[in-house]
Amino acid sequence: MKVQSASGPLINGYIDPTLVPQRTLYTGARMPGIGLGTFGSDHVTAGQVAAAVEDAAAVGYRHFDCASVYANEHEIGYALEQVVRRHLEREELWITSKLWNDKHGENDVIASCRKSLTDLRLSYLDLYLVHWPFPNFHPPGCDVSSRSKDAKPYIHAEFMKTWRKMEELVDLGLVRHIGTSNMTVPKLELLLRDARIKPAVNEMELHPHFQQPQLFDFVRSNGMIPVGYCPVGSPRRPERDRTAEDTVPTEDPVIVKIANRLGVHPAVVCVRWAVQRGQVPIPFSTNRSHYLANLEGVVSEPLTEGEMHEISTIDRNCRLIKGQVFLWKDGQSWEDLWDSNGEITPP
Ligand SMILES: NC(=O)c1ccc[n+]([C@@H]2O[C@H](COP(=O)([O-])OP(=O)(O)OC[C@H]3O[C@@H](n4cnc5c(N)ncnc54)[C@H](OP(=O)(O)O)[C@@H]3O)[C@@H](O)[C@H]2O)c1
């Protein structure tokens, strides 16, 4: 293990990326244990996100979580090009992108990936995810009550047609790994049974108030890496993704107490906890002091065993991103999307 300098991990505004924990995927590839999220939540422009990506690479980030639906891959592509031109080899970066819900069709998957590659100015992706398991288009920024008239439930045979095309992307050398996002245990069981190339990760909502222990354990015990989105509870998520019942992990007394001990923002405690628990958090920020603090947090003093235990007791099972727009028939509730009784909700 690499030894930090006596003055701490932050030297001249830079964190040595080799200090950042890495996660080994089943292929043997190593993924940086923290990434920068790039969804501007409708209030940060594509240009601001791209500028943050470029600067985050300069301060030590090596992993970026992108998606076509974030409508900023074109701008991020210019930023990545600068990064590679100025100071890094492409191989030093980990770039993820995602297939959006209106591109699950057999003729759309490869074209959609190629579009992301063109926009991101890359010849390959480290990881390509199916963003949601539902093939239901809804316009970006739409209200949670919006429903597609063609909305469909999860139909495994249909999903496998999409997955076969994801596998082809690996065969073509366009992506090094494929994975899922927003899946559940019963859906993953079917996919693991039928996949030729297994998912390397499942990206899922994970923060101290939504720890998803069952899915987390399932993902890990099946050789996948859990990638955690909304790791600090997405305090600036769009209005449409808020309900009165939502809780705020960064205001939890346990998190605040630990933050006070360490002299950091509670967000940093959430990120530190995530890495220590074994998931890969992808916190978003375009504020340099914030994204630097998050990276510094994961290479600084660990939380104690007692603190890790205390955080394990504050789970509120509070899902923030409920996915209402994916519901496919009247009278359903968002819980139907998440197979909470252990079975895929019937069509
Ligand atoms: N697969 C999926 O379906 C899915 C769904 C949602 C999100 N994601 C991915 O996950 C990423 C993260 O999720 P998210 O952006 O919704 O939530 P998040 O990372 O939990 O929260 C981001 C917010 O936290 C604030 N923040 C971050 N670090 C901070 C710090 N050290 N101190 C104070 N405030 C801090 C940021 O504010 P400032 O900007 O002011 O710093 C930002 O507004 C997204 O960007 C996206 O890449 C994936």
Side-chain angles (χ1 to χ4, degrees), residues 34-46 48-53 55-56 59 61 63-73 76 94-101 127-134 140 179-184 199 201-210 212 226-242 246-251 255-256 259 262-274 279-298 300 318-323 325-326 337-338:
I34 174 173
L36 186 76
T38 66
F39 175 42
S41 290
D42 305 348
H43 69 272
V44 180
T45 66
Q48 288 169 310
V49 176
V53 166
D55 186 57
V59 305
Y61 277 84
H63 170 179
F64 299 94
D65 180 79
C66 306
S68 56
V69 75
Y70 302 159
N72 54 20
E73 289 192 326
I76 290 174
W94 182 280
I95 311 293
T96 300
S97 183
K98 311 186 193 88
L99 179 76
W100 191 235
N101 316 318
L127 178 62
Y128 197 51
L129 307 178
V130 182
H131 206 144
W132 286 83
F134 306 98
T180 53
S181 177
N182 297 303
M183 290 286 266
T184 61
V201 317
N202 183 53
E203 191 164 305
M204 53 202 269
E205 183 177 329
L206 286 172
H207 48 78
H209 281 180
F210 193 57
Q212 302 213 63
V227 174
Y229 71 71
C230 301
V232 308
S234 198
R236 299 186 69 189
R237 66 192 178 282
E239 268 319 305
R240 63 177 183 273
D241 285 329
R242 292 172 191 270
D246 294 350
T247 62
V248 183
T250 47
E251 290 174 4
I255 301 294
V256 171
L262 295 171
V264 297
H265 189 282
V268 177
V269 176
C270 295
V271 173
R272 171 79 242 182
W273 165 79
Q279 61 226 34
V280 176
I282 45 172
F284 173 83
S285 180
T286 51
N287 178 326
R288 176 186 246 230
S289 65
H290 290 169
Y291 56 74
L292 194 50
N294 292 340
L295 189 61
E296 190 179 4
V298 306
S300 301
C318 178
R319 188 187 290 280
L320 301 173
I321 307 301
K322 300 173 181 68
V325 289
F326 295 104
L337 298 167
W338 301 102

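When a ligand or atom number is given, it counts from 1 through the structure's own listing order.
Between Trp273 and Ile255, every side-chain heavy-atom pair lies at or beyond the 4.5 Å cut-off. Put simply, the side chain of Asp241 does not reach to within 4.5 Å of the side chain of Leu320, judged on heavy atoms. Between Pro266 and Glu251 there is no side-chain heavy-atom pair separated by less than 4.5 Å.
A distance of 8.5 Å separates NE2 in His207 from CD in Gln212, rounded to the nearest 0.5 Å.
The closest approach between Tyr291 and ligand 1 stays at or above 4.0 Å for every heavy atom of the residue. Residue-ligand proximity: Gly233 is placed with a non-hydrogen atom under 4.0 Å from ligand 1. The shortest separation from a heavy atom of Glu203 to ligand 1 is under 4.0 Å, placing the residue in contact. Using a 4.0 Å cutoff on heavy atoms, Ile321 does not count as a contact of ligand 1.
The closest non-hydrogen atom to atom 13 (O) of ligand 1, taken over Cys230, Gly323, Ala293, Gly37, comes from Cys230. Considering each of Cys66, Ser234, Cys270, Pro281, the one bringing a non-hydrogen atom nearest atom 18 (P) of ligand 1 is Ser234. For atom 28 (N) of ligand 1, the nearest non-hydrogen atom from the set Leu320, Val271, Asn294 comes from Asn294. Looking at Phe64, Tyr70, Tyr229 and measuring to atom 46 (C) of ligand 1, the nearest heavy atom belongs to Tyr70.
Of all the heavy atoms of Ile282, the ones lying under 4.0 Å from any atom of ligand 1 are found in both the backbone and the side chain. Contacts between Ser181 and ligand 1, counted as non-hydrogen atom pairs separated by less than 4.0 Å, involve the side chain only. At a heavy-atom distance under 4.0 Å, atoms from both the backbone and the side chain of His290 approach ligand 1. Residue contacts with ligand 1, taken as heavy atom pairs separated by less than 4.0 Å, involve Ala267 solely via side-chain atoms from C-beta onward.
Atom 3 (O) of ligand 1 has Asn182 ND2, 2.9 Å as its closest protein atom, hydrogens excluded (heavy atom only). Ranking the protein heavy atoms by distance from atom 23 (C) of ligand 1 puts Pro235 CD, 3.5 Å first. Of the protein's non-hydrogen atoms, the one nearest atom 19 (O) of ligand 1 is Phe284 N, 2.9 Å. For atom 47 (O) of ligand 1, the closest non-hydrogen atom on the protein side is Asp65 OD2, 2.7 Å. Of the protein's heavy atoms, Phe39 CB, 3.7 Å lies nearest to atom 44 (C) of ligand 1.
Using a 30° and 60° split on the angle between ring planes, Tyr70 and His131 fall in the perpendicular class, above 60°.
Heavy-atom contacts of Arg236 reach the following atoms of ligand 1: 40 (O), 43 (O) (cutoff under 4.0 Å). Short contacts between ligand 1 and His131, defined as distances under 4.0 Å to a heavy atom of the residue, involve ligand atoms 1 (N), 2 (C), 3 (O). Residue-ligand proximity, Val232 to ligand 1, at heavy-atom distances under 4.0 Å covers atoms 18 (P), 20 (O), 21 (O), 24 (O). Atoms of ligand 1 found under 4.0 Å from any heavy atom of Asn287, numbered from 1 in the order shown, are 41 (O). Within ligand 1, counting atoms from 1 as listed, the ones closer than 4.0 Å to a heavy atom of Pro283 are 19 (O).
For Phe210, there are no ring-ring contact (aromatic ring centres under 6.0 Å, His included) partners at least two apart in sequence or on another chain.
Asp55 places no side-chain N or O within 3.5 Å of a backbone atom of Arg288 that could act as its donor or acceptor partner.
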Would you tabulate the side-chain donor-acceptor contacts of residues 226-234 under 3.5 Å, counting partners in other chains and residues two or more places apart, or write 'none'?
unit_1 : atom_1 : unit_2 : atom_2 : d
Tyr229 : OH     : Asn182 : OD1    : 2.6

